[in-house]
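The structure under discussion appears below in the form of structure tokens.
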Amino acid sequence: MAEEVKLINSGPSPFGLRIIWALKMKGIQYESIEEDLSNKSPLLLQHNPIYKKVPVLLHNGKPIVESLIILQYIEETWKQNPLLPADPYDRAMSNFWAKFGDDKVLPSIWYVFIKKGKEQEEAKCEAWEKLKYLEEELRRGKRFFGGETIGLVDIAFGWIVNTVNVLEELIGIKVIDGEKFPLLVRWMKDFSESPVIKENWPPRDVLMSIYADFLQSCHSN
Ligand SMILES: N[C@@H](CCC(=O)N[C@@H](CS)C(=O)NCC(=O)O)C(=O)O
């Protein structure tokens, strides 16, 4: 039976991008279904009734939601071009870093962009505390978080590159600077220049306009 793979996604969602990158790296053909998040479709609400968010992967009609869980599913379903190490301990550690990224690093960086003045300075110190752990992880001699090649953790951290870079430019604040985080900056460059990632990168002007609107709505509240 031919497989049916569909991805419900919206524009350059950093969470949806994870799934696009993983499917492309595995060489999986899929159909893209564009969702309007300002007017959520019955399809999205049916398949992700709890969170009502994109991305949703539909594999032979079955929905899988939450991007880190979708990445796991992709890895377990299509074994080619592994995104996780074979060793159970190393796999557990990869899952730890991906979760740490979403639970701690991502919110701490968002705060830097949505706060102002003294609160913003405090948020930057908080974010640096978290980013320090990523820098230390790379100091163990790795080119990518996945080792010599891009893996699940790199894909999970992709938002650092496509979101933080744009936000830094919009707001004129450097959060990930080369003096403090040389290895992280090198990783950002290597990651964004690797073929599958580069080929599936959202246009910069689209990102700029989305995040400019986002910042405006945060700061007008
Ligand atoms: N934890 C979710 C986050 C997904 C998420 O926040 N998606 C955004 C788009 S980037 C969304 O669907 N927002 C719609 C909403 O919050 O109503 C994941 O990893 O998949």
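Order of appearance sets the numbers: ligands from 1, and atoms from 1 within every ligand.
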Checklist line | No-hydrogen, no-angle side-chain donor-acceptor test under 3.5 Å, E137 and W187 | finding: no

Output block, N or O contacts of ligand 1, threshold 3.5 Å exclusive:
{"residue": "ligand 1", "atom": "1 (N)", "partner": "E66", "partner atom": "OE1", "Å": "2.8"}
{"residue": "ligand 1", "atom": "1 (N)", "partner": "E66", "partner atom": "OE2", "Å": "3.4"}
{"residue": "ligand 1", "atom": "7 (N)", "partner": "V54", "partner atom": "O", "Å": "2.9"}
{"residue": "ligand 1", "atom": "12 (O)", "partner": "V54", "partner atom": "N", "Å": "2.9"}
{"residue": "ligand 1", "atom": "17 (O)", "partner": "K40", "partner atom": "NZ", "Å": "2.5"}
{"residue": "ligand 1", "atom": "19 (O)", "partner": "S67", "partner atom": "N", "Å": "3.3"}
{"residue": "ligand 1", "atom": "19 (O)", "partner": "S67", "partner atom": "OG", "Å": "2.6"}
{"residue": "ligand 1", "atom": "20 (O)", "partner": "S67", "partner atom": "N", "Å": "2.9"}

Margin query: Taking the side chain as everything from C-beta on, heavy atoms only, tell me whether K53 gets closer than 4.5 Å to F15.
Written below: no

Notebook entry, point to check: Is the number of heavy atoms from other residues, nucleotides or ligands within 6.0 Å of OH (Y111) greater than 12?
Noted result: no

Item checked: Heavy atoms of other groups near E136 CD, more than 12 under 6.0 Å -> yes

Note to self: Can you tell me if K26 has over 12 outside heavy atoms packed within less than 6.0 Å of its NZ?
What the structure shows: yes

Note to self: So, taking the atom named OG in S10 and the one named CD in E34, what distance separates them when rounded to the nearest 0.5 Å?
What the structure shows: 5.0 Å

